[in-house]
Protein chains: 2
Amino acid sequence: MTALSHPAAPGPAGTPRPRTGRPTMAQVAEAAGVSPKTVSRVINGEPGVVATTAERVERAIAQLGYRHNHAAASLARGRTQDTVGLVIEGIAGRFYAELASGVEEVARAHGQQLLIASSEENPDRERETILALASRQVGGIIVVPRSGDHRYLRTELRSGLAVVFADRPPQRIKADYALVDNVAGAREGVTHLLRQGHRRIAFIGNELAVATSADRLEGYRQAHRDAGVDVDPALVVLGPTDVPSTEAALTRLATLPDPATAAFTQNSRLTMGAWRAIKQLDRPVALVGFDDFDLADVIDPPVTVVAQDPVELGRRAMHLLLRRIAHHNARHHHDILPTRLVVRGSGEIPPPRR
Amino acid sequence: MTALSHPAAPGPAGTPRPRTGRPTMAQVAEAAGVSPKTVSRVINGEPGVVATTAERVERAIAQLGYRHNHAAASLARGRTQDTVGLVIEGIAGRFYAELASGVEEVARAHGQQLLIASSEENPDRERETILALASRQVGGIIVVPRSGDHRYLRTELRSGLAVVFADRPPQRIKADYALVDNVAGAREGVTHLLRQGHRRIAFIGNELAVATSADRLEGYRQAHRDAGVDVDPALVVLGPTDVPSTEAALTRLATLPDPATAAFTQNSRLTMGAWRAIKQLDRPVALVGFDDFDLADVIDPPVTVVAQDPVELGRRAMHLLLRRIAHHNARHHHDILPTRLVVRGSGEIPPPRR
DNA sequence: TTGTATGCGTTATCAG
DNA sequence: CTGATAACGCATACAA
């Protein structure tokens, strides 16, 4: 009676089946008549295995349906080497989608698997999500931050986690980041309106806690300063995040006793909301938005935008991350991408005569 | 001379520092003056730890900056219990974004961390991506499949991986899935055009290898059959995937000797492409698209669509996955979601008089 | 209520 | 070129 007759028999002889039902390296090794270490070598493409042996191992792998256990490997190695994480506010929205595809493109070109997780626009969840990713032994993380204080990352950074910020800079810690030039972009968009003669330009944006918001407002202010025009604080509205509330905000601003004759909106959702409100008004209001969107050129009136390149932003962030992973002690790098004013509509909306 | 004087000394005494620079449970235990098991209890919220001890442990955790090592835990446990994966073709596009947010919503409600990975519209990458996720010990995976043969998943399914298909059914294997009713939706949209009197309706879609495409074409055929109208194969175009190629296709179909007077498009990108082409024509062409999109109601002419609910689709898929994880041997479930015809534009475009 | 011993599946070290 | 052995950090029995 051989050992094979008693597969369930305990004792030092025999290779126990793993609890998960998946075959292990030890089983593959036994089937191929080699040691586990040799199987490991074949799987990881390490040199020093003769072709015939490798082939035997490959066959055993195929026959048993063996799958590499990444958790075990990463535990044994100390840290994962081929996975990076991306934490974004939400998967919805063209901007994040494009940013993610830029990250992915570069990640794949460098043999890295990308894992995306969402923080749901919630600072607490942001922290949880990042730590969840870190505890899964990713080699590095790209964060589009929501929160205003990233000191909670100090522990991770000290322990060697590579972290890069995208679209918004880190706050209260030092780290690599890639951004678009929000100040210059907003300044250019608002200057475009000022050049047309507008003097009462509304600004509609998010809360200032989000850095991009503050920067775009700063650009709006700079444009006014450059043109020698005072900003009326009553025309600056911070808070709307969806289409209906933006519609309401714009309608209010355009029907003030001394109304806004133009508006600058801070992202494409707000731009669409503002555009819808303008359509309902009897008086035309000029509009420039930050970030381009589908059909902006064919709606009537078409919308002039400050276009950014989210795909490129993602690529840059991933490059920064790769560099940080390779050189943990390198100096911090910052990438600032330019924006591009896309003027649409031949007949711009002029300000009313006084 | 105590052991502490020789921190680097080998031997059974002393707790070695981990290679990653991150503190381990053993270090926390030592700092708190308890055993590793007690630390484990505190971390996992297991009962049976007196408050004062727990507090000591918490303090040690905070001071050392301890982070749970998920890889080690998942190895020791045999399988991750709180992570699920979602594999989609690409993050870009409103449909996938909304689907993902539906999945995420339910995942979070059930304490599951969601990891998203993209297959880049490539069947080979789809397989790699799924296996990569599986090797990371996720508890289950939701797949929006691209490939036409999923037998490669048999190994994973046998070994206990929970897999659910979303938006498109599995092929050549049995598994849970959640879909929208593509046949009925397309039939309703095309019937809408037939009721207006159109007899030459173009169909523009993707390759038939993608199941949704075939189903929507079937709906198109059924609508014709129900109305007693023959389908002209020359009006069925499969292949365009981007806006320019769709524009070209529609322009060609609308300028045939016996031209199409209406078109049904299979997804929102194709709809936008068709709409742009129609704008350039001197003759009006009626349009109905599958899947709704931003601004479809305000462009001129507005676009009637067969709307689906991708968020709900994601929710359903996640529910199926949770059920499958809980009951690995349950019967397979299939969820078919209805679509909704959204008629837009008061003045529909009539077919030309003969 | 707390601790001890053992194993999870893989990789690294070093010997053959 | 290949194999034995010892970690890796945590969880699970079971014992105290």
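Basis for what follows: all heavy atoms, side chains included, without hydrogens, waters or symmetry-related copies. Proteins get letters first, then strands, A, B, ... in listed order; numbering begins at 1 in each.
Near DNA chain C, meaning a heavy atom under 4.0 Å from it, residues 57-68 of chain B has no residue at all. Near DNA chain C, meaning a heavy atom under 4.0 Å from it, residues 35-46 of chain B has Ser35(B), Lys37(B), Thr38(B), Arg41(B) in order of number.
Between the CG atom of Asn69(A) and the C1' atom of dG7(C) there is a distance of 14 Å, rounded to whole Å. Rounded to an integer number of Å, the gap from Arg77(A) CZ to dT13(C) C1' is 16 Å. One can place CE of Met25(A) at 8 Å from C1' of dG9(C), the figure rounded to the nearest angstrom. As a whole-Å value, the separation of Arg56(B) CZ from dT1(C) P is 15 Å. In this entry the distance linking CG of Leu75(B) with C1' of dT12(D) reads 13 Å, nearest Å.
Ring geometry for His332(A) versus His334(A): interplanar angle under 30°, hence parallel rather than tilted (30 to 60°).
Under the 3.5 Å distance criterion, with hydrogens and angles disregarded, no donor-acceptor pair is assigned to the side chains of Arg136(A) and Thr83(A).
The side chain of Thr53(B) lies closest to dT2(C), out of dA11(D), dC8(D), dT2(C). Which of dT2(D), dT10(C), dC10(D) sits closest to the side chain of Val50(A) comes down to dT2(D). Taking only side-chain atoms of Ala73(A), from C-beta outward, the nucleotide of dC8(D), dT11(C), dA11(D) with the closest atom is dT11(C).
Between Glu46(B) and Lys37(B) there is a salt bridge, since a side-chain N of the basic residue sits under 4.0 Å from a carboxylate O of the acidic one.
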